[in-house]
There are 2 protein chains.
Amino acid sequence: MLIFGLAGGVLVTLLQWTEFHFLVLEHSVAIYGALIAILFAGAGLWLGTRLLAPRERIVEIAVPAVPTSRFDADDNVRERLGITRRELEILKLVARGLSNREIGATLFVSENTVKTHCSRAFDKLGARRRTEAVQRSRELGLLS
Amino acid sequence: MLIFGLAGGVLVTLLQWTEFHFLVLEHSVAIYGALIAILFAGAGLWLGTRLLAPRERIVEIAVPAVPTSRFDADDNVRERLGITRRELEILKLVARGLSNREIGATLFVSENTVKTHCSRAFDKLGARRRTEAVQRSRELGLLS
DNA sequence: GGAGAAATCATACGCAAGGATGACGCGGGG
DNA sequence: CCCCGCGTCATCCTTGCGTATGATTTCTCC
């Protein structure tokens with residue numbers, strides 16, 4: 001800002017000096033203006049690259065390097081959330097896109113039981129919909 | 001570039017016109033030059049920020065990162081399945097666990113519209129439930 | 001300029017899902 | 001022994017979801 005102000009002052013002085021030389025020529029004002037334009041366009045460009053360039057954009061690169069031997073890691077998460085094994089079992093089937101009825105048929109229990117487990121699991125996950133529960137489970141690493 | 005060229009032409013014309021008005025005044029050249037200076041300084045600054053690609057700093061972040069190296073591949077998959085951009089947009093929100101009502105509020109459309117898009121998308125995916133649609137989408141690489 | 005795709009919205013119906021509540025049996029610790 | 005966590009099942013009720021159908025608008029393409 002200070003530099004810019006100083007430049008302004010210098011320019012005004014320069015301006016006072018140069019106008020006497022240029023005014024005697026025809027079309028001098030056009031040339032004069034063009035010179036000013038070029039000069040300040042350059043100055044602006046320079047300033048733009050100098051002052052605003054350090055803007056860095058952080059780019060996230062997906063690193064495949066997360067095999068993270070999670071064979072029982074989800075079990076820890078499960079315990080921490082107070083989710084029972086049965087509830088997690090049902091959650092996995094929910095994440096597969098099965099309906100409550102299909103889950104019941106798969107696990108040989110009634111649809112009501114599935115609903116009960118779902119309700120409790122959703123409650124512990126802070127989810128109100130099964131899709132939300134799936135999303136939360138993924139974030140928490142509950143699902144492989 | 002075209003816009004910049006046009007702006008240049010307009011400026012030259014404006015320059016020709018204004019000089020006759022300003023030349024009769026004392027110090028008019030100074031004001032004129034200052035205007036040009038400010039204008040082109042701004043232009044240069046704008047160009048500087050616009051043309052110079054923001055330097056990117058690559059930061060490696062451990063991300064669940066499905067091994068699938070697809071950057072725009074989902075667009076190909078989308079086309080292949082005949083799923084429209086809007087439908088995919090809604091699918092992504094479905095995968096986030098949002099309800100139809102919330103999706104509508106997010107995209108500023110009615111819940112009915114969301115339902116329509118969902119139905120068509122589910123149909124194209126061969127899914128009958130939203131959870132199933134999410135699962136299918138993940139398998140097909142439709143979702144990041 | 002008309003055909004068609006896409007997006008938007010509405011209405012209505014049926015079913016799935018979710019919540020609340022109660023109950024029963026089983027197993028393990030206090 | 002009795003309590004408690006867990007899994008199981010049921011009923012009632014509300015809400016959300018999915019489908020069908022029709023309409024309008026906008027855009028693109030021929």
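As the structure is a computational prediction, the values presented were derived from the model and not from experiment. By convention in this document, chain letters (A, B, ...) are assigned in the order of the sequence lines, proteins followed by strands, and residues within each chain are numbered from 1. Both backbone and side-chain heavy atoms feed into the values below; hydrogens, waters and symmetry mates do not.
In terms of phosphate contacts, B:Thr116 brings no side-chain nitrogen or oxygen within less than 4.0 Å of OP1 or OP2 of C:dA7. Proximity of B:Asn100 to the phosphate of D:dG16: no side-chain N or O atom is located under 4.0 Å from OP1 or OP2. Note on A:Ser110: a side-chain N or O is less than 4.0 Å away from OP1 or OP2 of D:dA10. Regarding contacts with the backbone of D:dA10, every side-chain N or O of A:Thr113 stays at 4.0 angstrom or more from both OP1 and OP2. Between B:Arg86 and C:dT8, a side-chain N or O to OP1/OP2 separation shorter than 4.0 Å is present. For the OP1/OP2 pair of D:dG16 and a distance below 4.0 Å, the side-chain nitrogens and oxygens of B:Arg101 include at least one atom meeting the criterion. Within the 4.0 Å cut-off from OP1 or OP2 of D:dT15, not a single side-chain nitrogen or oxygen of A:Arg129 is found. Distances shorter than 4.0 Å separate some side-chain N or O of B:Arg130 from OP1 or OP2 on D:dG18. Contact annotation: A:Ser119 side-chain N/O to C:dG19 OP1/OP2 distance is under 4.0 Å.
Between B:Glu89 atom CD and C:dT8 atom C1' there is a gap of 14 Å when expressed in whole angstrom units. Rounded to an integer number of Å, the gap from CZ of B:Arg85 to P of C:dA5 is 17 Å. Spacing between atom NZ of B:Lys115 and atom P of C:dC15 amounts to 15 Å, rounded to whole angstrom units. Taking atom CD of residue A:Glu111 and atom P of nucleotide C:dA17, one finds them 7 Å apart after rounding to whole Å. For the pair B:His117 NE2 and C:dA6 P, the interatomic distance rounds to 11 Å; values are reported in whole Å. Rounded to a whole Å, the CD1 atom of B:Ile83 is 16 Å from the C1' atom of C:dA5. The CD1-P distance, from A:Ile103 to C:dA17, rounds to 8 Å in whole Å. Between the CZ atom of B:Arg120 and the C1' atom of D:dA20 there is a distance of 12 Å, given to the nearest Å.
Without hydrogens or angle criteria, A:Arg96 side chain to B:Gln135 main chain gives no donor-acceptor distance under 3.5 Å. A:Lys124 contributes no side-chain N or O that, together with a main-chain N or O of A:Ile83, makes up a donor-acceptor pair within less than 3.5 Å.
The shortest heavy-atom contact between B:Leu98 and B:Ile103 is CB-CG1, 3.7 Å.
Here the side chain of A:Asn112 is nearest to one of D:dC6, D:dT19, D:dA10, namely D:dA10.
Using a 4.0 Å cut-off between a side-chain N of Lys or Arg and a carboxylate O of Asp or Glu, A:Asp75 and A:Arg78 qualify as a salt bridge.
The shortest side-chain heavy-atom distance between B:Arg86 and B:Val109 falls under the 4.5 Å cut-off.
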